[in-house]
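Notes for the one structure printed next.
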There are 2 protein chains.
Amino acid sequence: MRIGDLAARTGVSVRALRYYEEQGLLKANRSGSGQRHYPESVVDRVDLIQMLYAAGLSSRTIAELLPCVEAKVSTPESRARLFAERDRIDAQIAGLTRTRDRLDAVIASTGSPASGCTYIADRDVATQAGRPAAPPMTLR
Amino acid sequence: MRIGDLAARTGVSVRALRYYEEQGLLKANRSGSGQRHYPESVVDRVDLIQMLYAAGLSSRTIAELLPCVEAKVSTPESRARLFAERDRIDAQIAGLTRTRDRLDAVIASTGSPASGCTYIADRDVATQAGRPAAPPMTLR
DNA sequence: CTTGCCTCTGACGTCAACGTCAGGTTCTAG
DNA sequence: CTAGAACCTGACGTTGACGTCAGAGGCAAG
């Protein structure tokens with residue numbers, strides 16, 4: 001599997017994949033001419049990397065945690081890091097939940113035509129109960 | 001209330017507050033000599049701005065939503081934006097939850113001394129049920 | 001063999017949310 | 001009144017995760 005294929009499979013740009021390698025997140029088998037070749041397994045690894053980036057981790061942190069996640073090998077430091085990041089993500093979820101609830105409240109107050117709203121809903125406010133199924137998984 | 005006081009009250013830097021004003025997120029009453037003075041109410045507004053930044057919104061988006069949130073005034077566009085951002089945050093929470101669960105699984109597998117772990121837990125793995133109370137509210 | 005697409009290595013560009021420094025004014029405590 | 005803290009407006013610096021371009025080589029099809 002060459003880099004273009006991997007890019008297509010993961011939805012990550014070729015540039016990003018080379019960047020990951022530069023950051024020590026990915027290793028590639030090189031052909032005689034220097035071209036990168038990857039085994040199927042890296043698809044999952046790239047997906048995981050994307051998850052961690054989306055969770056706000058830096059390349060450096062990801063590089064520290066990946067051996068721990070994949071090889072199940074951990075040093076005291078990496079374990080501490082693992083706990084710390086897990087907790088940080090928990091806090092982030094909590095904060096996001098508060099933010100979402102705040103937005104829901106705003107939607108409720110400006111959304112109901114009976115509370116001094118300038119316009120009426122122009123979208124399906126009642127798709128379900130105000131919460132349409134979240135799209136696949138954008139995560140930015 | 002001057003800008004330094006507001007900074008102290010909100011935990012946001014003076015530079016950031018001036019930046020928010022530059023981006024149209026905050027307005028200040030100017031004294032004759034040009035110094036900014038704020039009413040108490042802006043403290044909440046700054047907190048809200050921080051929440052939205054933490055949720056990954058850009059200044060531009062925040063600027064679009066703030067009138068909607070504060071003055072309860074909405075145009076069809078801003079309402080659409082409101083929904084879109086709420087949904088995006090929902091998706092973000094879902095993704096973060098999956099990421100956290102993945103990390104929890106890793107912790108469980110590398111953490112239990114009975115599964116080929118190199119080191120034993122060096123931290124209070126069992127503070128409660130593996131999930132110590134998340135710190136105040138970092139959110140990055 | 002050559003055409004066209006893929007790949008390679010630099011290396012500079014980008015963007016947002018500030019940090020930081022310079023040079024000058026203003027407020028306040030003593 | 002005077003020192004020192006706080007404030008002002010530019011304006012340039014920073015960081016991370018890439019985008020983009022340049023110039024050169026590699027690879028399968030016809």
Side-chain angles (χ1 to χ4, degrees), chain A residues 1-39 42 45-66 85 88 92 95 99 138-140, chain B residues 1-39 42 45-66 85 88 92 95 99 138-140:
Chain A
M1 197 185 207
R2 301 199 307 181
I3 199 171
D5 305 328
L6 182 56
R9 293 282 291 276
T10 58
V12 170
S13 76
V14 168
R15 176 64 173 99
L17 292 175
R18 286 199 272 249
Y19 177 74
Y20 295 166
E21 183 173 342
E22 189 184 321
Q23 300 299 305
L25 308 181
L26 222 50
K27 55 187 186 313
N29 309 317
R30 297 303 188 108
S31 73
S33 59
Q35 300 210 348
R36 293 170 178 87
H37 287 274
Y38 303 93
V42 296
R45 191 183 178 98
V46 171
D47 284 345
L48 175 57
I49 292 175
Q50 288 288 95
M51 287 186 72
L52 296 178
Y53 269 126
L57 308 208
S58 68
S59 325
R60 210 177 69 79
T61 306
I62 296 177
E64 284 184 57
L65 296 188
L66 272 185
E85 296 304 332
R88 207 183 48 69
Q92 201 171 339
T99 305
T138 314
L139 258 215
R140 311 205 60 172
Chain B
M1 196 183 205
R2 300 199 307 181
I3 198 171
D5 305 328
L6 181 57
R9 294 281 292 276
T10 59
V12 171
S13 76
V14 168
R15 175 65 173 98
L17 292 175
R18 287 200 272 248
Y19 176 75
Y20 295 167
E21 182 172 343
E22 190 183 320
Q23 299 299 304
L25 309 181
L26 221 51
K27 56 187 185 312
N29 309 317
R30 297 303 188 107
S31 74
S33 59
Q35 299 210 350
R36 294 170 177 86
H37 286 275
Y38 303 94
V42 296
R45 191 184 178 97
V46 172
D47 285 345
L48 176 58
I49 292 174
Q50 289 288 97
M51 287 185 73
L52 296 178
Y53 269 126
L57 307 208
S58 68
S59 324
R60 210 177 68 79
T61 305
I62 297 178
E64 285 183 57
L65 296 188
L66 272 184
E85 295 304 331
R88 207 182 49 70
Q92 201 170 340
T99 304
T138 316
L139 258 213
R140 313 204 54 169

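To find a chain, count down the sequence lines: A is the first, B the second, and so on, and within it residues start at 1.
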### Summary
Distance col, row B:L25:CG vs B:L17:CG, nearest 0.5 angstrom, shows 10.5 Å
### Message
It should be established whether B:S58 places a side-chain nitrogen or oxygen under 4.0 Å from OP1 or OP2 of nucleotide C:dA17.
### Response
no
### Query
Is it the case that B:Y20 and B:S59 place a side-chain donor and acceptor less than 3.5 Å from each other?
no
### Any side-chain heavy-atom pair of A:R2 and A:H37 under 4.5 Å
yes
### Query
For the pair made of OH in A:Y53 and C1' in D:dG16, what is the distance, rounded to whole Å?
9 Å
### Query
Going by heavy atoms in the side chains, are B:L66 and B:L48 under 4.5 Å from each other?
yes
### Task
Please report, rounded to the nearest Å, how far the C1' atom of D:dG26 is from the CD1 atom of A:I3.
15 Å
### Min side-chain heavy-atom separation B:L57-B:E85 under 4.5 Å
yes
## Note on the structure
When rounded to whole Å, the CD1 to P distance for the pair A:I62 and D:dG16 reads 13 Å
### Message
Within the structure provided, determine whether B:Q92 and B:R88 are in side-chain contact (heavy-atom separation under 4.5 Å).
### Response
yes
### Task
Check each residue of residues 14-36 of chain A for a non-hydrogen atom within less than 4.0 Å of any atom in DNA chain C, then write out the ones that pass by number, or none.
A:R15, A:R18, A:R30, A:G34, A:Q35, A:R36
### Task
Please report, rounded to the nearest Å, how far the C1' atom of C:dC27 is from the CE atom of B:M1.
18 Å
### Message
Tell me whether the side-chain N/O atoms of A:S59 come closer than 4.0 Å to OP1 or OP2 in D:dG16.
### Response
no
